[in-house]
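Data block below; observations after.
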Amino acid sequence: MMKNKCKEMKKSRLLQLGLMVVLPLFMACNNDSDVEMDAMESVEFKVEFADFNAKQEIGVTRNGNQEVKIEEKVVDLGNNILALVSLQRDTTRTVSPAATRTVDDDTYTMLAYDHETHEFKGETVGKVEQAKFVVTGKRLRLGAGKYDFVLFNSKVKRQGDRLIVPREHALTAFIGRVTQEIDASSGRKYVALNLKRVGAKVQMRLETYVPFENITAELKPVDDESVHDNSVYDAATGQLQPGTCATFKSPLTFKYGERGYVNDYYSNSKEIVSLLDATDVSKLKLVFKSGKPFGTDIDGLEYQFKPSAGLKIEANGYYVLKVKMFYNFFYLMADGDIGRTGETVQCGGTRTPIAVVLSRSKRIAMALYYAQVEKYMWCDYKYMFTHHGNNYASTHTLVEEKGDRIYDGIWGHLVTKGIDETWDASYSTVKVKGNKVKAENADFYAIYGAAHYDPKVEYKGANPLKWFLPSASDFIYVFNLGRGDKSSENKYGKFDRFIEYNCNGALVSSACTQVGGDRMIGPTYWTSSALDPLFDIIYNDVKYAAISVSLEEDKFTWSYTCYQFSAVSRPFVSY
């Protein structure tokens, strides 16, 4: 009996001894779990999604330059097409960083690292609802300490600490990082995470001074080894680096150009190009595939970006790549010499144009602006009325009663030169009161205004300029500038008083507007060529008229305008 009792006491002592050894270990484990639970149980993760161009960086901040803008001098693409290219941030897309947007129906992974050692401490998965990260998997349990939390969505592929984003997901892959001290207190704790895209959005904008439609192009690398096709983010250290390289083609479509506010036409590409962080802009090129702005085929023309300083795309940026196209006309410059479009101050050059050269051999150019006139009539009333009898003011007047037609004053036997009718006294009849040189007689508003044209800039050429109102036949120079087709001639109206041709009037107009001048399309223009039509068009006892011209985007028309009606003067100049 005593023997059994001793055995039981011995077992009891052994059990007590075992409990004394095991219980502290159990309690230690239990206390550790309590610490972990206490540290993370009261933490709430708030999530924001940065808008494009927001300043927050995914990882290590580089220059943080939010005003990146690169503009280059005009470049000759070929086929007389010039381009002025600029790449800048679209600041209109930037909103307050506090604005919260969620990406619905996506899964998010959170990683935790020791801030000092970069040791991986755990992970969990969840979703973002109402600007909060909600755990849907196993809860992340951490003790008190300082941690780096990394949150990313399903478009990011994880390989251990490496988070890989392909270019195809450059605009849909989000990564956010924050460093936070977590204490063991039981109070509510908040951790804010700002997620941003790993790539950037680029939209192309095409601008010209002529209408255009159906232009296509591609943005692509200069070769297969210069632009990376994925980015690699080191979750442990926060470093975002370029990955492997590959080629790509991003199509661009411009359906039609909308009319702008300063005589230009523009169109934003229908497509958005996505590029990864740190893409080197100088390794990209733009290749046109189809289109005929200025009536010139641009298929195959290309432009490689050559910024004067290094420029790399930054994550979460929104860039506008603007290509402004010009046609390579000749201009009379303020210094007296002839230069091309790319030399003008409007295209990044240093010279100021004053007129569009119409013929280098004849040394004739057209003013960039309308002439300032006292009245928009051709002349004073004293040279208009039929009750004054034969009141011809010009010796070379076309007279319909004699069978002379407008056509004869353009292409036929009654062709005159505007410089003669403006400056030669013999071109005025005895009916003209005062100075017989119409350029010096203020009664002839259209001619006088043209002769005293102010080009708005001081002319420093060796020889003085002689401005004049062009004749009907002088406007053939403008017709040729617009690649007019004489075989398309269409005469209509009584006595063929309207003669119309196919012509690229938009091209002619762009010669002026692309350097800041007045449009050619729209107004009716006086010529110096006088017309005495039949009495069937007498208006308010006035029968005299002058041949006039007008341009549309695709037409050039010679017709007539009665002296008392309104038209504008577009001077020509002999240089």
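For reference, positions follow the sequence shown, starting with 1.
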When every non-hydrogen atom of Ala511 is compared with those of Leu481, the smallest separation belongs to CB-CD2, 4.4 Å
Within 6.0 Å of CD in Glu225, more than 12 heavy atoms from elsewhere | no
CA sep, side-chain torsions, deciding dist, call: Lys324, Tyr266, side chain to side chain donor-acceptor pair (under 3.5 Å) = CA-CA 9 Å; Lys324 196 165 189 175; Tyr266 70 92; over 6 Å; no
Rounded distance (nearest 0.5 Å) linking atom CG of Leu193 with atom NZ of Lys46 | 12.5 Å
Heavy-atom side-chain contact between Leu286 and Leu252 under 4.5 Å = yes
Mind checking what makes ring pair (Phe, Tyr, Trp, His ring centres under 6.0 Å) contact with Tyr327, not counting sequence neighbours?
-> Phe294, Phe329
Answer yes or no: is there a donor N or O on one side and an acceptor on the other, between the side chain of Glu48 and the main chain of Ala131, under 3.5 Å?
-> no
Less than 4.5 Å apart, any side-chain heavy atom of Met325 and any of Leu206?
-> yes
Which heavy atom in Ser250 sits nearest to a heavy atom in Arg167, and how many Å separate them?
-> OG-NH1, 4.0 Å
Is the gap between the ring centers of Phe149 and Phe45 under 6.0 Å?
-> yes
So does Lys220 have more than 12 non-hydrogen atoms from other groups sitting under 6.0 Å from NZ?
-> yes
With a 4.5 Å limit on heavy-atom distance, are the side chains of Thr247 and Asp223 in contact?
-> no
Has the side chain of Glu258 got a donor or acceptor atom that lies under 3.5 Å from a matching backbone atom of Ser267?
-> no
For the pair Arg363 (side chain) and Tyr575 (backbone), establish whether a donor and an acceptor sit closer than 3.5 Å, ignoring hydrogens and angles.
-> yes
For Ile215 and Gly291, which heavy atoms make the closest approach, and how far apart are they?
-> CG1-CA, 4.0 Å
Please tell me if the side chains of Tyr319 and Val273 come closer than 4.5 Å, counting only heavy atoms from C-beta onward.
-> no
So, does Arg519 use its side chain to make a donor-acceptor pair with the main chain of Cys512 at under 3.5 Å?
-> no
Which atom pair, heavy atoms only, marks the closest approach of Thr279 to Leu276?
-> OG1-O, 2.6 Å
Output yes when a side-chain donor or acceptor of Ser509 lies under 3.5 Å from a complementary backbone atom of Gly505, and no otherwise.
-> no
Yes or no on side-chain contact (heavy atoms from CB on, under 4.5 Å) for Leu332 and Ile338, after CA distance, side-chain angles and deciding distance?
-> CA-CA 5 Å; Leu332 172 63; Ile338 303 302; 4.0 Å; yes
List in chain and number order the residues that pass ring pair (Phe, Tyr, Trp, His ring centres under 6.0 Å) with Tyr331, two or more places apart in sequence or in another chain; answer none if no residue qualifies.
-> none
About how many Å separate CG of Asn504 and OG of Ser510, when rounded to the nearest 0.5 Å?
-> 7.5 Å
Glu343 side, atom CD; Arg351 side, atom CZ - distance, nearest 0.5 Å | 5.0 Å
Sort and list the pairs that fulfil side-chain hydrogen bond (donor to acceptor under 3.5 Å, both in side chains) and have at least one residue in residues 284-293, not counting sequence neighbours.
-> Thr216-Ser290
Just by modelled atom types, is the Tyr370 backbone N or O under 3.5 Å from a matching donor or acceptor in the Asp518 side chain?
-> yes
NZ (Lys486) with more than 12 external heavy atoms under 6.0 Å = yes
Take the angle between the ring planes of Phe49 and Phe174 and call it parallel below 30°, perpendicular above 60°, tilted in between.
-> perpendicular
Leu151 CG to Met110 CE distance, which is reported to the nearest 0.5 Å | 5.0 Å
Are more than 12 heavy atoms from other residues, nucleotides or ligands located less than 6.0 Å from atom CZ of Arg360?
-> no
Do Thr344 and Phe326 have side-chain heavy atoms sitting under 4.5 Å apart?
-> no
Between Asn316 and Arg197, is there a donor-acceptor pair closer than 3.5 Å when you use the side chain of the first and the backbone of the second?
-> yes
Take atom CZ in Arg162; do more than 12 heavy atoms of anything else shown fall under 6.0 Å from it?
-> no
Without swapping roles, check the side chain of Arg89 against the backbone of Phe52 for a donor-acceptor pair under 3.5 Å.
-> no
Nearest heavy-atom approach of Asp161 to Ala236 is OD2-CB, 4.1 Å
Show your reasoning for whether side-chain contact (heavy atoms from CB on, under 4.5 Å) applies to Asp554 and Asn502.
-> CA-CA 6 Å; Asp554 58 353; Asn502 294 338; over 6 Å; no
Run through Asp106, Thr109, Thr107 and flag the one making a side chain to side chain donor-acceptor pair (under 3.5 Å) with Ser154.
-> Asp106
Does Leu87 reach the side chain of Phe305, with side-chain heavy atoms less than 4.5 Å apart?
-> no
Any side-chain heavy atom of Leu84 within less than 4.5 Å of one from Glu207?
-> no
Picking from Phe556, Phe479, Phe475, what satisfies ring-ring contact (aromatic ring centres under 6.0 Å, His included) with Tyr501?
-> Phe479
Roughly how far apart are His228 NE2 and Leu275 CG, rounded to 0.5 Å?
-> 8.5 Å
Residue set satisfying ring pair (Phe, Tyr, Trp, His ring centres under 6.0 Å) with Phe248, at least two apart, ordered chain then number -> none
Would one find more than 12 heavy atoms of other residues, nucleotides or ligands at under 6.0 Å from atom OH of Tyr256?
-> no
Nearest non-hydrogen partners of Gln346 and Pro353, listed with the distance = OE1-CD, 3.6 Å
So do Ser86 and Lys322 actually touch side chain to side chain, heavy atoms under 4.5 Å?
-> yes
Audit row: Leu142, Tyr147, side-chain contact (heavy atoms from CB on, under 4.5 Å) steps and yes/no = CA-CA 9 Å; Leu142 297 173; Tyr147 298 96; 3.8 Å; yes
side-chain contact (heavy atoms from CB on, under 4.5 Å) with Lys155: which residues, sequence neighbours excluded?
-> Asn153, His169, Thr172, Ala173
Show your working on side-chain contact (heavy atoms from CB on, under 4.5 Å) between Gln180 and Lys189 and close with a plain yes or no.
-> CA-CA 10 Å; Gln180 188 75 32; Lys189 295 179 282 290; over 6 Å; no
Between the CG atom in Asn263 and the CD atom in Gln514, the distance rounded to the nearest 0.5 Å is 11.5 Å
Check ring pair (Phe, Tyr, Trp, His ring centres under 6.0 Å) between Phe254 and all other residues, then give those that pass, not counting sequence neighbours.
-> none
Keeping the roles fixed (side chain from Tyr525, backbone from Met520), state whether a donor-acceptor pair exists under 3.5 Å.
-> yes
